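As structure tokens, the structure follows; a few thoughts come after it.
Small disclaimer: the values here were computed from a predicted structure and weren't measured. Note that ligands are numbered from 1 as they come in the structure, with each ligand's atoms numbered from 1 the same way.
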Amino acid sequence: MEPIDEHFLRTVEGMRPTGGQLDKALAAQLEALFEAQVESRHLDFAARWLQQRGVGFYTIGSAGHESNAALGLLSRTTDPALLHYRSGAFYAARAHLDGTVDPVRETLRSLTGSAADPISGGRHKVFGHPELHVIPQTSTIASHLPRAVGLGFALGLAKLLGRETPWPEDALVVASFGDASVNHSTAAGALNAAAYLTHVHRDCPLLLVCEDNGLGISTRTPRGWAAAVLQHLPGIPYLHAPGHDPATLLETTEEALAAVRTRRSPVVLHLSTVRFMGHAGSDVEIAYRPPAAIQSDYARDPLLGTARALVESGHWSGEAVLARYEQVRQRTRALAVEVSAEPRLASRDEVMAPLAYPRPRAGGTPRPPDPRPLTLAQAINRTLADELADHDDVLVFGEDVAVKGGVYGVTRGLRDRFGSSRVFDTLLDEQTVLGTALGTSLAGFVPVPEIQYLAYLHNAEDQLRGEAASLRFFSNGQYDNGMVVRIPGLAYQKGFGGHFHNDNSLAVLRDIPGIAVAVASHPHSAAGLLRGCLDLAREGRVCVYVEPIARYHTRDLFEGDAGWLAPFDGSTRATLGDVVGYGTGRDLLIVTFGNGVFMSLRVAATLRADGFGCTVLDLAWVAPLPVAALVEAASRAAAVLVVDETRQSGGVSEAVIAALVDAGVEAPISRVTSADSFVPLGPAADAVVLQENEILGTARRALRL
Ligand SMILES: Cc1ncc(C[n+]2csc(CCOP(=O)(O)OP(=O)(O)O)c2C)c(N)n1
Ligand SMILES: [Mg+2]
């Protein structure tokens with residue numbers, strides 16, 4: 001038996017009524033609180049029991065944090081909640097409010113990886129439930145906070161625009177996190193963004209709950225530090241509640257929720273908690289905490305606090321408390337046995353089912369072609385304008401996209417035409433940019449955020465990789481956050497800007513399961529490709545649309561030929577797997593994308609003058625690769641050359657060649673790439689980024705010239 005279990009039994013046995021009476025409403029609240037808290041506590045015991053028997057796979061518990069049941073009890077089941085991993089009691093309380101979900105059975109299913117787990121379908125231990133509006137979180141601490149702020153913002157925006165969301169108009173967002181997590185830059189960024197929104201008088205109904213147990217695994221949070229940080233967020237009221245004093249807890253929680261609901265702006269609730277049984281089952285707490293410190297926490301057990309309030313008021317007897325405690329133990333154990341025999345995911349197809357998306361339906365009004373020639377930047381601008389006009393759920397935002405119209409003018413004029421509610425500048429924080437997309441997408445918008453340069457995606461990459469891309473997987477397809485992230489990037493800016501404005505690596509994007517990555521090249525195909533991304537986003541897919549900055553304002557392929565301008569194609573909507581082919585020559589197939597299309601078309605013209613017929617294949621999609629079209633084109637060619645402006649290692653060419661080899665393509669294959677280097681300033685850039693003469697040289701070798 002766990003020492004905290006024994007301590008509870010012993011202490012309750014010694015409890016006696018001390019006189020005084022509970023009013024009826026408080027008594028009912030305490031009963032509900034106690035029920036949720038006891039269930040959560042026994043789930044923690046069961047998690048360890050299941051693990052010891054080899055049928056449970058997660059032991060991070062909620063013991064000591066069960067005061068969060070007050071939030072579950074007093075918030076509404078229609079308030080979207082993004083929860084800390086110690087939220088067993090919140091979940092149980094909310095489930096009881098709803099009345100249709102058995103929190104004990106469902107949490108056990110999550111712990112045992114049962115395929116019947118209602119949220120992840122056996123993919124992860126997460127607290128989540130679509131009917132309870134608990135949105136599942138990843139294990140990455142604080143990573144849900146940019147989304148929580150984005151969701152709060154989205155509720156306000158929806159009201160402003162008169163749009164409905166999956167939640168009532170007066171809903172608020174509950175987001176909880178640990179004390180050590182307050183130090184994470186993701187949390188700092190989100191708290192800053194919440195304060196910023198308050199400062200500029202934008203609605204963001206968000207209750208930020210810090211569950212402070214004074215520890216992050218083994219590292220002590222300096223006394224007073226979390227309070228010092230949380231008390232000084234500009235414009236955000238701060239409330240504190242002790243977790244083991246249920247009457248004050250309930251009162252303060254109610255006050256905090258009411259403040260957010262009426263003010264429609266963020267409030268911090270700092271909840272003092274303790275942590276029992278170590279960080280997780282594998283954690284030997286005694287190795288880093290003196291036994292006296294561990295034991296002194298027992299006095300602040302929230303479960304005991306609620307039991308004491310029930311017994312000392314004479315509302316329940318000590319025996320009644322213990323009887324209920326033991327009944328829940330028995331029921332939890334019996335359900336644990338039952339649930340651990342349920343089927344788990346077994347095959348690759350079963351595991352990966354949520355990564356399959358429905359085939360998108362084309363959305364938008366086809367427009368007649370416009371013969372006036374446009375640059376790539378103009379084609380993208382025009383397409384965004386059409387989509388904003390056709391769909392009032394489309395939002396365009398990012399750093400400098402609205403007033404200035406983007407660093408390169410790609411979003412120029414959109415704010416004037418569609419208003420600053422739908423086309424807006426964000427604060428300067430890429431995690432907030434993506435968090436805004438994550439939140440607005442959940443609320444039913446189709447966000448088109450911009451990351452100002454490819455290199456700065458890395459400042460926020462987890463918001464794409466850990467949050468956006470994984471939500472559908474860990475919610476078994478029940479939650480989606482479709483979006484199109486526009487990223488101006490890649491190199492060839494004539495030596496200007498150095499590495500961070502010429503970053504040419506797509507590797508971090510290509511290996512994210514489920515996302516679609518498109519790279520624009522020529523204005524005649526860019527519009528259709530962007531519309532295709534928007535169609536995918538409407539089906540819940542996370543899309544990245546990379547725009548080669550160097551080609552934004554290009555007009556000519558060869559001097560004076562206007563070869564990089566195109567009439568505006570108002571109707572094409574690309575689908576995954578579509579490629580763009582140039583030429584029909586069979587001597588050499590050049591497989592490329594982005595700036596590579598520009599360089600390869602020039603090389604192809606030289607080879608044509610030499611008497612060789614080439615086809616240039618613009619992949620358009622670099623993830624997933626358009627394998628069928630690629631293989632089909634390669635099987636018709638005498639030789640294949642992959643022209644890849646990204647790096648030699650981790651570059652796109654590795655995947656293209658692997659796909660050709662996998663398919664058994666027999667033609668000789670070669671590749672030419674940029675170097676495994678950062679990109680320097682000035683002419684030295686040309687030494688490491690792929691050059692046209694290198695492509696020509698490799699092509700000639702491939703043709704055995
Ligand atoms: C970004 C990130 N870094 C590290 C970890 C590993 N980790 C898991 S929990 C934890 C401590 C979190 O402490 P706190 O926020 O106080 O929450 P508590 O567990 O105390 O409730 C750490 C370091 C993680 N999950 N995510
Ligand atoms: Mg902590």
Side-chain angles (χ1 to χ4, degrees), residues 4 37 40-41 43-44 47 57-69 71 81-91 124-127 136-148 174-191 208-230 240-244 268-285 287-289 293-294 297 300-302 430-431 434-435 458-470 474:
I4 188 62
Q37 292 179 323
S40 177
R41 181 66 56 89
L43 280 166
D44 287 346
F57 307 96
Y58 188 93
T59 52
I60 295 185
S62 305
H65 282 243
E66 293 94 342
S67 41
N68 56 35
L71 277 158
L82 298 85
L83 300 177
H84 188 43
Y85 46 72
R86 302 198 190 279
S87 294
F90 178 107
Y91 182 78
H124 212 302
K125 163 67 188 71
V126 280
F127 285 116
Q137 299 314 305
T138 69
S139 296
T140 313
I141 54 98
S143 71
H144 57 306
L145 297 179
R147 185 201 292 277
V174 180
S176 53
F177 49 92
D179 52 296
S181 302
V182 170
N183 300 300
H184 203 278
S185 62
T186 309
L191 293 170
L208 292 154
V209 184
C210 176
E211 299 189 11
D212 185 354
N213 57 25
L215 286 163
I217 305 186
S218 67
T219 306
R220 278 186 53 190
T221 298
R223 202 179 296 278
W225 173 244
V229 173
L230 298 172
H240 175 265
H244 60 291
V268 164
L269 176 61
H270 185 186
L271 203 59
S272 290
T273 66
V274 283
R275 187 194 73 187
F276 296 138
M277 303 193 287
H279 175 73
S282 55
D283 178 32
V284 185
E285 198 177 14
Y288 56 83
R289 286 189 83 194
I294 297 174
D297 282 349
R300 294 199 288 140
D301 182 351
E430 287 73 22
Q431 296 202 81
L434 293 182
H458 305 298
N459 298 62
E461 193 208 325
D462 178 59
Q463 292 299 306
L464 204 59
R465 173 181 294 268
E467 285 293 315
S470 72
F474 292 122

Which of the atoms of ligand 1 are close to [X], meaning less than 4.0 Å from one of its heavy atoms?
{"X": "H84", "answer": "17 (O), 18 (P), 21 (O)"}
{"X": "T140", "answer": "1 (C), 26 (N)"}
{"X": "D179", "answer": "14 (P), 15 (O), 16 (O)"}
{"X": "H279", "answer": "9 (S), 19 (O)"}
{"X": "A180", "answer": "13 (O), 14 (P), 15 (O), 16 (O)"}
{"X": "L215", "answer": "13 (O), 14 (P), 16 (O), 20 (O)"}
{"X": "R86", "answer": "18 (P), 19 (O), 21 (O)"}

For this session: Please determine if R86 and D44 form a salt bridge, counting it only when a charged side-chain N lies under 4.0 Å from a carboxylate O.
Result: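 Here R86 does not pair with D44 in a salt bridge, since their nearest N and O are not under 4.0 Å apart.
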
For this session: Determine, for D212 against R275, whether the closest basic-nitrogen to carboxylate-oxygen distance falls under 4.0 angstrom.
Result: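 Between R275 and D212 there is no salt bridge, as every charged N stays at least 4.0 Å from the carboxylate O atoms.
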
Problem set entry | Between CD1 on residue I141 and OG1 on residue T186, distance to nearest 0.5 Å |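 I141 atom CD1 to T186 atom OG1 measures 7.0 Å (nearest 0.5 Å).
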
Quiz question: by atom type and distance under 3.5 Å, do the side chains of [X] and [Y] form a donor-acceptor pair?
{"X": "T138", "Y": "S143", "answer": "yes"}
{"X": "Q431", "Y": "N459", "answer": "no"}
{"X": "W225", "Y": "D179", "answer": "no"}
{"X": "S40", "Y": "E66", "answer": "no"}

Problem set entry | atom 12 (C) of ligand 1: any protein heavy atom closer than 4.0 Å |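 True for atom 12 (C) of ligand 1.
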
Exercise. Counting only heavy atoms on the protein side, is anything nearer than 4.0 Å to atom 1 (C) of ligand 1?
Worked result: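 So atom 1 (C) of ligand 1 has protein heavy-atom neighbours under 4.0 Å.
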
Exercise. Relative to the ring of H240, is the ring of H270 parallel (under 30°), tilted (30 to 60°) or perpendicular (over 60°)?
Worked result: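 It falls in the perpendicular class, over 60°.
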
For this session: Look at the rings of H65 and H84 and say which category their plane angle falls in: under 30° parallel, 30 to 60° tilted, over 60° perpendicular.
Result: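 Taking H84 first and then H65, their aromatic rings sit tilted (interplane angle of 30° to 60°).
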
Considering non-hydrogen atoms of the protein only, which is the closest contact for [atom], and what is the distance?
{"atom": "atom 25 (N) of ligand 1", "result": "S139 O, 2.9 Å"}
{"atom": "atom 15 (O) of ligand 1", "result": "S181 OG, 2.5 Å"}
{"atom": "atom 4 (C) of ligand 1", "result": "I141 CG1, 4.6 Å"}
{"atom": "atom 7 (N) of ligand 1", "result": "I217 CD1, 3.9 Å"}

Exercise. Taking all non-hydrogen atoms of both residues, which atom of A47 and which atom of T59 are closest, and how far apart?
Worked result: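 Shortest heavy-atom contact: O-CG2, 3.9 Å.
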
For a distance under 2.8 Å, tell me if [X] has an N/O/S atom near the Mg ion (ligand 2).
{"X": "S181", "value": "no"}
{"X": "D212", "value": "no"}
{"X": "L215", "value": "yes"}

Exercise. Could you go step by step and tell me if F474 and H124 meet the ring pair (Phe, Tyr, Trp, His ring centres under 6.0 Å) rule?
Worked result: CA-CA 6 Å; F474 292 122; H124 212 302; 5.1 Å; yes

Exercise. With a 4.0 Å heavy-atom cut-off (strictly under), which part of N213 contacts ligand 1: side chain, backbone, both or neither?
Worked result: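 Just the side chain.
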
Problem set entry | Apex the Mg ion (ligand 2); atoms N213 OD1 and D179 OD1; angle rounded to 10 degrees |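 Nearest ten degrees: 90°.
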
Exercise. Would you say C210 and V268 make side-chain contact, with heavy atoms under 4.5 Å?
Worked result: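 Of all side-chain heavy-atom pairs linking V268 with C210, none is under 4.5 Å.
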
Exercise. Touching ligand 1 at all, Y85? Heavy atoms, strictly under 4.0 Å?
Worked result: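 A heavy atom of Y85 does come that close to ligand 1.
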
